[in-house]
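Down below is the structure, laid out as C-alpha cells.
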Protein chains: 2
Amino acid sequence: MKLLFITGNAGKLNEIKSVIPGIEGLEIDLAEIQHIDPKVVIEAKLREALRYRSGPFIVEDTSLYLNALNGLPGPLIKWFLAAVGVEGLYSIAQGRGDTHAKAQTIIGFISEAGEVEYFEGVVEGYVVPPRGSNGFGWDAIFQPKGSTQTFAEMTDEQKNELSMRKVAAQKLRDHLAL
Amino acid sequence: MKLLFITGNAGKLNEIKSVIPGIEGLEIDLAEIQHIDPKVVIEAKLREALRYRSGPFIVEDTSLYLNALNGLPGPLIKWFLAAVGVEGLYSIAQGRGDTHAKAQTIIGFISEAGEVEYFEGVVEGYVVPPRGSNGFGWDAIFQPKGSTQTFAEMTDEQKNELSMRKVAAQKLRDHLAL
C-alpha cells in the first residue's frame, strides 16, 4: 500500500517519515475551515483532498492549546503566529498568569474505501520565552514537561523522541501494520 | 428585486432591515473557512451559498480587530468569544497595554449573474470592561470613539446610528438604488 501524506510542510513530512519511512509527501493546497475542533478541520481537509485523489492518504493538524486562553489558539494557531508571533503567544500566556500548554497532533487517515480514522498524540508542557532555532512554527516557545529544552533547542532526533506527531504516527503505523 | 440576507443571527438581520426594509432573512448553515482576511471568508460563504440557491443575496462578516493583538481576532472573533468570553478579550487587550479596537462589517453581495461586490463599514473605538445587556456578541465591551456607552448600553436605534453594519448596508442600498 502506498500511503501519501498531504502536506506542504517539509518539517512535518520528515517527522512522519521517521516513523513510517515508506510514506510520501504530496502538496495540495487545501482550504481549512474555521473551527476550534481539530477533528472537524481535519475531516473537512480529508473531504476536500478527496476531490483531487482517492485514499489511502493522511492529513494532520497540530494545534497548540494554551490554558491561559481556555484552549485557544488550538487549530487557529497559524493565525496567532502570523499576527503576534511566538513572542506574542508567550507574552499573552505569561500576562494571564498561566503558561501551561498542550501540543496535540491528530492524524486523519482515509482508506481506499473512504473510511476515516483519527490517531492522536499529546505532549503536555509550557510556553516559555523563545529559545533555539531548530524546528518550525512555535517550536521555540514550547518546552515539554520534564525537559529543560524547547523543541527548537533539540536536534530533530531529540524532538522526535518526544513529539506528539511521533506518537500519532506510531498509532497509525501500528493500526495499519506498516 | 427580492434581496435575501443569509444569516442565522436575528440581531444582524434587524440592523440590516432598518436600512433596507425589504430584505428577507434566510438561514443556511454555511461552513466558514479559516482565514484572517474577511473577504476570503465572505467570498467562500457566497460560493457555498450558491450551492443552495442563486443570487441576488448577501452574507456579512463582522470582525473585531484589537490593536493589542495586531489585528486578531478579526474574523476569528467567534472562537475567541467561545474560549475566553468578552471579559477575556478585554483583559487580554488591557494586559497588553492597548485597548484600541476596530469594528468592521463587510457585506458580500452576489448578483443574479454571479458578480460579487463588497461594501464596508468601520467604527473605531476601544474595548472596555463589559457594560450593558442589549445587543449581541461583543457589544458589551465595544465603546465607539467619542461615545460614553458601549454598544450594549445603547438602544437598538442608538447603536444603529453608529453601527459599522449600518454604514455597510447604506453603501449596498445606494449601490443597488433600493
Side-chain angles (χ1 to χ4, degrees), chain A residues 8 29-49 51 59-102 104 127 138, chain B residues 8 28-49 51 59-102 127 138:
Chain A
D29 194 20
L30 301 174
E32 288 197 8
I33 65 161
Q34 193 180 119
H35 210 283
I36 197 69
D37 180 344
K39 286 188 182 166
V40 174
V41 175
I42 290 169
E43 184 169 355
K45 279 169 84 168
L46 287 170
R47 299 288 166 209
E48 171 144 357
R51 294 164 55 189
V59 301
E60 70 100 77
D61 174 82
T62 296
S63 294
L64 180 69
Y65 297 86
L66 297 179
N67 266 23
L69 294 179
N70 194 27
L72 284 179
L76 307 178
I77 178 69
K78 74 172 165 182
W79 309 108
F80 275 69
L81 287 177
V84 298
V86 288
E87 298 84 358
L89 270 171
Y90 165 69
S91 79
I92 290 169
Q94 196 267 341
R96 291 173 67 78
D98 186 347
T99 59
H100 280 78
K102 182 178 87 170
Q104 178 181 266
V127 287
W138 36 269
Chain B
I28 303 176
D29 194 19
L30 301 174
E32 288 197 9
I33 64 162
Q34 193 181 119
H35 210 283
I36 197 68
D37 179 345
K39 286 189 181 165
V40 173
V41 175
I42 291 169
E43 184 169 355
K45 279 169 85 169
L46 288 170
R47 299 287 165 210
E48 171 144 358
R51 294 165 53 189
V59 301
E60 71 99 78
D61 174 82
T62 296
S63 294
L64 180 69
Y65 296 86
L66 297 179
N67 267 24
L69 293 179
N70 195 28
L72 283 179
L76 308 178
I77 178 68
K78 74 171 165 183
W79 310 109
F80 276 68
L81 287 178
V84 297
V86 288
E87 299 83 358
L89 270 171
Y90 165 69
S91 79
I92 290 168
Q94 196 268 339
R96 290 174 66 78
D98 186 348
T99 60
H100 281 78
K102 182 177 87 170
V127 286
W138 36 269

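On a predicted model such as this, the values are computed, not experimentally measured, just so you know. So you know, we letter chains A, B, ... as the sequences are listed, proteins then strands, and number each from 1. FYI, side chains are in, hydrogens and waters are out, and symmetry mates aren't considered; it's all heavy atoms of this structure.
- When the options B:Leu69, B:Ile36, B:Leu72 are evaluated for a side-chain contact (heavy atoms from CB on, under 4.5 Å) with A:Phe80, the one that passes is B:Leu72.
- By number of non-hydrogen pairs under 4.5 angstrom with chain A, the leading residue of B:Asn70, B:Val40, B:Ile33 is B:Ile33.
- Nearest heavy atom pair, residue A:Arg96 against residue B:Gly88, reads NH1-O, 3.7 Å.
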